[in-house]
Amino acid sequence: MNKFLEKIKRGTNEIISIKELENKLKSGKKLRVKLGVDPTMPDLHLGHTVLINKLKTFQDLGHQAVFLIGDFTARIGDPSGRTETRSLLTVDQVKTNIKTYTKQVFKILDRKKTEIAYNSKWLENLGVTGLLNLAAKSTVAQMLVRNDFEKRYKKDESISIIEFLYPLLQAYDSVALNADVELGGNDQKFNLLFGRQIQKDYGIKDAQIVIIMPLLEGTDGIKKMSKSYNNCISLNDSSKDMFGKIMSISDSTMYRYYELLTNLDLNMIKNMHPKAAKKLLAEEIVKRYYGAKESLKALKEFDRIFIKRDIPENIEKCTMENVTLKLSDILIKSTMVSSKNEARRLIQQGAVKIDSQKIKDDIIINVHREFVLQVGKRKFKKITHQ
RNA sequence: GGGGGUGUGGCAGAGUGGUCUAAUGCACCAGACUGUAAAUCUGGCGGGCUUGUCCCUUCGGUGGUCCAAAUCCAUCCGCCCCCA
């Protein structure tokens, strides 16, 4: 029992309340564990998987994972952590997002053991009366307690009524699903607790336990992982990119990733050489999304390019029309740079290599034979003529 | 309906007539260093060529004033707040 609890506790910020959780676990009941995700973005990144991993932990312990797709709420947009009102999504956008989400989620969760729910099922039928009944259970003051709302209100920024409705709807999901546990990120704390309150209002005595996970830092190791900060490792990234990005995080961030993204023993990891540990982490994570084979390939490729400073195995070919061309023109024609000025700059800075030979001037090149053109450490193209 | 505010490069944010391709920070790119990194340091971060104290194009849109406009005026558009 304690071992189970330890697993659940790993990496969590807060569990409200731990006592209730212990009791529920002791009762031997198969707990309904809710994780709600709004399909608002085209794809998921590693930050999102922190919660999915936690849900997987419950699933592995024999509990019922309930993956809730907020197809209805996605159209409103969760104001959590936002500093501005977000624009509404169309039904079509939501639909395509759902597809990519589920595809990615079931690389982690066991599809057969997972209950998938869509909140449009009950929210669409709630009607104005239902909505009013729900809204009657809260007050404006209560909403304004919320940090992000309070800030925006004080700063004379707009808050849409629809945003007030959001926590109510999320809470109602917990009623509809009869959740025993709800998982959420740190920014979700208010909404999660609100779910507890509303459940009680609707006569559920044994209200949901709230498990709050930290938000995963992005590749910069400081800010939370988010597209807008440009510090994401997306599940859509190629195996090579994913591997490379993980290798580029700092050592301290690496341990964080271990804690939140894997189930590996942390003591063991801390005893490893950091470089080896980081490689293992990258391998583990890439393996999860691309399989062992691809993962090994990515590892080898990384060694080749960054450690041995060698040329990658498969390089995209690019055919030139003319035989003689300026180096800067070749760089543009092969789409390795976007402007001539940029090409000139990079050449001056010593970033451009032909067959591993640094070229420092914008010389004229004869494309008689095939050669490998390199820009920086990671961009390679094979240049040929006809 | 009335009053006020605001719109600057990927983001944040200076700049209120010439010295503005526009400070600064972040992000990004390259080089050096290294255990791949991170940190640090250096250079860069509109476009073009004839590489120059060169040319062209940017400060919500349009039109105007002026030798000269991100900066002034007019007008339009967007966003925000307050009062009713």
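What you are looking at is a predicted structure, and each value in this text was computed from that prediction instead of being measured. To find a chain, count down the sequence lines: A is the first, B the second, and so on, and within it residues start at 1.
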Q. How close or far is atom P of B/rG35 from atom CD1 of A/Ile305, stated in whole angstroms?
A. 20 Å

Could you pull out all donor-acceptor pairs under 3.5 Å where a side-chain atom in residues 205-218 of chain A meets a protein atom, sequence neighbours excluded?
{"unit_1": "A/Gln208", "atom_1": "OE1", "unit_2": "A/Ser174", "atom_2": "OG", "d": "2.7"}
{"unit_1": "A/Gln208", "atom_1": "NE2", "unit_2": "A/Glu182", "atom_2": "OE1", "d": "2.9"}
{"unit_1": "A/Gln208", "atom_1": "NE2", "unit_2": "A/Leu192", "atom_2": "O", "d": "3.2"}
{"unit_1": "A/Glu217", "atom_1": "OE1", "unit_2": "A/Arg256", "atom_2": "NE", "d": "3.1"}
{"unit_1": "A/Glu217", "atom_1": "OE2", "unit_2": "A/Arg256", "atom_2": "NE", "d": "3.3"}

Q | OP1 or OP2 of B/rU36 under 4.0 Å from side-chain N/O of A/Ser248 | A | no

Q. With a distance cut-off below 6.0 Å to the six-membered ring centre and an angular limit of 45° from the axis, does A/Lys297 pair with A/Phe243 as a cation-pi contact?
A. no

Which side-chain N or O atoms in residues 277-286 of chain A pair as donor and acceptor under 3.5 Å with protein atoms at least two apart or in another chain?
{"unit_1": "A/Lys278", "atom_1": "NZ", "unit_2": "A/Ile249", "atom_2": "O", "d": "2.7"}
{"unit_1": "A/Lys278", "atom_1": "NZ", "unit_2": "A/Asp251", "atom_2": "OD1", "d": "2.9"}
{"unit_1": "A/Lys279", "atom_1": "NZ", "unit_2": "A/Asp303", "atom_2": "OD1", "d": "3.0"}

**Q.** Nucleotide B/rU36, atom P - distance to NZ of A/Lys279 in whole Å
**A.** 9 Å

(Q) Ignoring hydrogens and geometry beyond distance, is a side-chain donor-acceptor pair present between A/Asp38 and A/Tyr166 at under 3.5 Å? (A) yes

(Q) Taking any heavy-atom pair under 4.0 Å as a contact, classify A/Lys278: base, sugar-phosphate, or nothing. (A) base

Q. Among the clusters formed by ILVMFWY side chains lying less than 4.5 Å apart, do A/Phe371 and A/Leu331 turn up in the same one?
A. yes

Q) Roughly, in whole Å, what's the span from CZ in A/Phe306 to P in B/rA37? A) 7 Å

Q. Taking only residues two or more places apart in sequence, or in another chain, which ones meet A/Asp110 in a side-chain hydrogen bond (donor to acceptor under 3.5 Å, both in side chains)?
A. none

Q) What is the pairing partner of B/rG78, taking Watson-Crick or G-U wobble pairs with both distances under 3.5 Å in any strand? A) B/rU6

Q: Round to a whole Å and report the spacing from CG of A/Asn231 to P of B/rA38.
A: 14 Å

Q) Can you tell which of B/rG44, B/rC49, B/rU36 lies closest to the side chain of A/Arg345? A) B/rG44

Pairs under 3.5 angstrom, nitrogen or oxygen only, protein versus nucleotides 28-34 of chain B, please.
{"unit_1": "B/rU34", "atom_1": "O4", "unit_2": "A/Arg309", "atom_2": "NH2", "d": "3.2"}

Q.
Does A/Asn366 form a side-chain hydrogen bond (donor to acceptor under 3.5 Å, both in side chains) with A/Thr324? I'd like the steps, not just the answer.
A. CA-CA 5 Å; A/Asn366 274 311; A/Thr324 52; 5.1 Å; no

Q | Closest listed nucleotide, where the reference is the side chain of A/Asn341 and the choices are B/rG44, B/rG35, B/rG48 | A | B/rG48

Q.
Return the pairing partner of B/rU21 with a 3.5 Å limit on both distances, Watson-Crick or G-U wobble; otherwise return none.
A. none

Q: Grab the NZ-P distance between A/Lys360 and B/rG43 for me, whole Å please.
A: 14 Å

Q: Return the set of residues passing side-chain contact (heavy atoms from CB on, under 4.5 Å) with A/Ile116 (not counting sequence neighbours), or none when no residue passes.
A: A/Ile69, A/Phe106, A/Arg111, A/Tyr118

Q. Counting only Watson-Crick or G-U wobble pairs whose two distances fall under 3.5 Å, which nucleotide matches B/rC72?
A. B/rG64

Q: Decide side-chain contact (heavy atoms from CB on, under 4.5 Å) for A/Leu373 and A/Phe380; before the verdict, give the C-alpha distance in whole Å, the side-chain angles of both, and the deciding distance to 0.1 Å.
A: CA-CA 6 Å; A/Leu373 185 60; A/Phe380 298 87; over 6 Å; no

Q) Paired with B/rG1 by Watson-Crick or G-U wobble geometry, both distances under 3.5 Å: which nucleotide is it? A) B/rC83

Q. Is B/rU42 paired to anything, Watson-Crick or G-U wobble with both distances less than 3.5 Å, and if yes, which nucleotide?
A. B/rA30

Q | 5' priority, RNA chain B, between A/Ser338 and A/Gly244 [closest heavy atom] | A | A/Gly244

All N/O contacts under 3.5 Å from nucleotides 50-57 of chain B to the protein, with atom names and distances to one decimal?
{"unit_1": "B/rU51", "atom_1": "O4", "unit_2": "A/Arg344", "atom_2": "NE", "d": "2.6"}

Q: Give the intermediate values and the outcome of side-chain contact (heavy atoms from CB on, under 4.5 Å) for residues A/Leu5 and A/Leu21.
A: CA-CA 9 Å; A/Leu5 198 60; A/Leu21 177 63; 3.9 Å; yes

Q | Between P of B/rG47 and CD1 of A/Ile332, the distance in whole Å | A | 10 Å

Q. So does A/Ser250 get a side-chain nitrogen or oxygen closer than 4.0 Å to the phosphate oxygens (OP1/OP2) of B/rA39?
A. no

Q. CG of A/Asp220 versus P of B/rG10: gap in Å, rounded?
A. 21 Å

Q) A/Lys340 has an atom NZ; how far is it from atom P of B/rG47, in whole Å? A) 13 Å

